[in-house]
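Quantities reported herein were computed from a predicted structural model and do not represent experimental measurements. Read the numbers this way: they start at 1 and go in the same order the structure lists the ligands and their atoms. In what follows, residues are counted from 1 in the order of the sequence shown.
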Amino acid sequence: MQYKYDYLIVGSGLFGSVFAYKARQAGKTVLVIDKRPHTGGNIHCETIEGINVHKYGAHIFHTSNKEVWDFVNSFVPFNRYTNSPVADYKGKLYNLPFNMNTFYALWGIRTPAEAQAKIEAQRKESGIVEPRNLEEQAISLVGNDIYDILIKGYTEKQWGRKCSELPAFIIKRLPVRFTFDNNYFNDDYQGIPIGGYNKLIESLLDRIEVKNNTNFFEDRKYWESIAAKIVFTGRIDEYYEYRFGKLEYRTVRFETETLDCGNYQGNAVVNYTGAEVPYTRIIEHKHFEFGHQEKTVISREYAAEWQEGSEPFYPVNDKKNSALYEQYRRLADTECSVIFGGRLGEYKYYDMDKVIENALNYF
Ligand SMILES: Cc1cc2nc3c(=O)[nH]c(=O)nc-3n(C[C@H](O)[C@H](O)[C@H](O)COP(=O)(O)OP(=O)(O)OC[C@H]3O[C@@H](n4cnc5c(N)ncnc54)[C@H](O)[C@@H]3O)c2cc1C
């Protein structure tokens with residue numbers, strides 16, 4: 001059978017765009033469709049007052065994979081942005097990740113030895129040997145103070161459940177740094193594309209046919225008839241018409257506001273770790289690119305239960321959903337002309353670098 005395209009790529013997020021780029025480079029014919037009015041999926045930025053606003057949540061690129069870093073930098077240079085979030089608990093500020101600056105603010109101590117002794121004493125005092133839930137797990141790793149001030153409220157808002165009711169496995173490690181280093185990531189490379197993420201996507205999709213506002217499911221038979229292979233980066237359960245049931249997600253609601261001031265909070269990311277503040281973070285977008293615009297744009301983030309119609313952001317990888325996904329995955333394994341990729345196609349939280357790596361490897 002003669003097809004119009006070698007590949008139909010459903011979704012113009014990072015996975016779809018990298019795949020499309022590689023396919024085109026290999027001389028294949030490609031069509032990309034996306035149901036959203038823009039390309040880029042969740043890394044898409046909207047320009048407000050000259051500021052690149054991360055419409056679907058703050059995105060900070062970080063990786064230790066040199067190949068991936070060189071790949072993205074070959075499309076657009078990245079700036080030197082280093083993620084150093086600050087936590088606000090009842091009006092007092094603490095540096096993240098947990099490091100000597102945090103311990104100084106918490107306890108007024110100045111040396112690594114003092115900090116280690118303090119954490120060790122609190123861990124011992126808790127008497128927890130086999131943590132039965134996330135609360136016990138966190139206390140057994142970092143002690144009571146860090147848990148109460150910096151973990152409890154934030155995590156409970158994120159999951160919409162008490163830490164004592166959440167499984168321990170959610171937190172495997174809690175990195176604690178005994179240096180005065182506020183760099184959140186341990187990766188070798190990090191930054192933001194100069195001029196924003198849209199530049200990266202536009203370069204990847206350069207000279208590739210793209211149709212926006214186009215939902216695969218609205219004319220499934222037609223889309224299936226035009227390409228030899230389909231790369232599907234939407235929800236895998238939707239692809240199979242939910243035959244085993246619906247996968248669950250967590251979502252985030254954003255309240256975005258333009259303010260008549262040049263600098264609202266002095267940092268791109270401020271986490272609110274207390275239960276009395278309903279949002280989890282405030283993002284001030286201009287600081288990702290060291291902006292000097294007259295105004296500023298902030299987004300308050302509210303974690304929420306996902307419902308049909310809201311954005312499926314974070315897969316819930318608990319036992320029930322993992323087992324359900326496994327059923328879909330087995331079906332997917334039997335397909336010879338459909339490739340499932342990306343965070344929705346594989347029902348897995350992936351950072352951007354991993355998505356790019358996967359797309360490069362697939363091709
Ligand atoms: C709130 C949040 C913050 C994040 N922050 C970071 C970060 O700081 N650093 C980092 O490395 N990673 C971060 N990530 C992860 C990052 O967003 C992902 O790794 C990456 O965007 C995934 O790309 P993707 O192509 O798999 O999915 P997506 O970007 O979701 O793209 C999928 C595309 O498919 C389209 N689509 C779906 N169904 C259909 C259909 N039926 N028909 C047509 N089109 C369809 C969608 O419209 C979408 O455009 C974050 C994720 C979230 C949710």
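- Every atom of ligand 1 with a heavy atom of Ala58 under 4.0 Å away is listed here by number and element: 3 (C), 4 (C), 5 (N), 6 (C), 8 (O).
- With Phe290 as the aromatic partner, Arg80 meets the cation-pi criteria of under 6.0 angstrom to the ring centre and within 45 degrees of the ring axis.
- Counting protein heavy atoms only, atom 15 (C) of ligand 1 is closest to Tyr350 O, 3.3 Å.
- In Tyr349, the part holding a heavy atom less than 4.0 Å from any atom of ligand 1 is the side chain.
- Atom 41 (N) of ligand 1 has as its closest protein heavy atom Asn215 OD1, 3.0 Å.
- Residue, atom and distance of the protein heavy atom nearest to atom 2 (C) of ligand 1 are Tyr314 OH, 3.3 Å.
- Residue contact annotation: Val252 has no non-hydrogen atom under 4.0 Å from ligand 1.
- For Tyr56 and Tyr197, the ring centers are positioned 6.0 Å apart or more.
- Atom 16 (C) of ligand 1 has as its closest protein heavy atom His59 NE2, 3.5 Å.
- When hydrogens are left out, the protein atom nearest atom 21 (O) of ligand 1 is Ile43 CG2, 3.8 Å; that is the closest non-hydrogen contact.
- The distance from ligand 1 to the heavy atoms of Phe313 drops below 4.0 Å at these ligand atoms: 53 (C).
- Residue-ligand proximity, Phe15 to ligand 1, at heavy-atom distances under 4.0 Å covers atoms 25 (O).
- Numbered from 1 in the order shown, with element, the atoms of ligand 1 that lie under 4.0 Å from a heavy atom of Phe217 read 41 (N).
- The protein atom (non-hydrogen) at minimum distance from atom 47 (O) of ligand 1 is Asp34 OD1, 2.8 Å.
- With a heavy-atom cut-off of 4.0 Å, Ser17 does not touch ligand 1 at all.
- Residue contacts with ligand 1: Thr214 is included, with a non-hydrogen atom under 4.0 Å away.
- Looking at Val355 against ligand 1, only its side chain comes within 4.0 Å, counting heavy atoms.
- Tyr7 and Arg24 share no donor-acceptor pair across their side chains, judged by distance under 3.5 Å alone.
- Counting only non-hydrogen atoms, the option in Gln190, Arg343, His54, His38 that gets closest to atom 26 (O) of ligand 1 is Arg343.
- When the heavy-atom distances from atom 45 (C) of ligand 1 to Lys35, Glu311, Lys354 are ranked, the shortest goes to Lys35.
- The protein heavy atom nearest to atom 42 (N) of ligand 1 is Phe216 N, 3.1 Å.
- In terms of protein heavy atoms, atom 11 (O) of ligand 1 is closest to Met352 N, 2.8 Å.
- Residue-to-ligand polar distances keep Ser12 apart from ligand 1: every N/O pair is separated by 3.5 Å or more.
- Just one of Arg250, Arg161, Arg253 meets the salt bridge (charged side-chain N to carboxylate O under 4.0 Å, His left out) condition when paired with Glu305; it is Arg250.
- Shown in contact with Gly234 at under 4.0 Å from a heavy atom are these atoms of ligand 1, numbered in order with element: 37 (C), 38 (N).
- For Arg235, no nitrogen or oxygen atom sits less than 3.5 Å from a nitrogen or oxygen atom of ligand 1, counting backbone and side chain alike.
- Those atoms of ligand 1 that come under 4.0 Å of a heavy atom in Gly41, given as number and element, are 29 (O), 31 (O), 48 (C), 49 (O).
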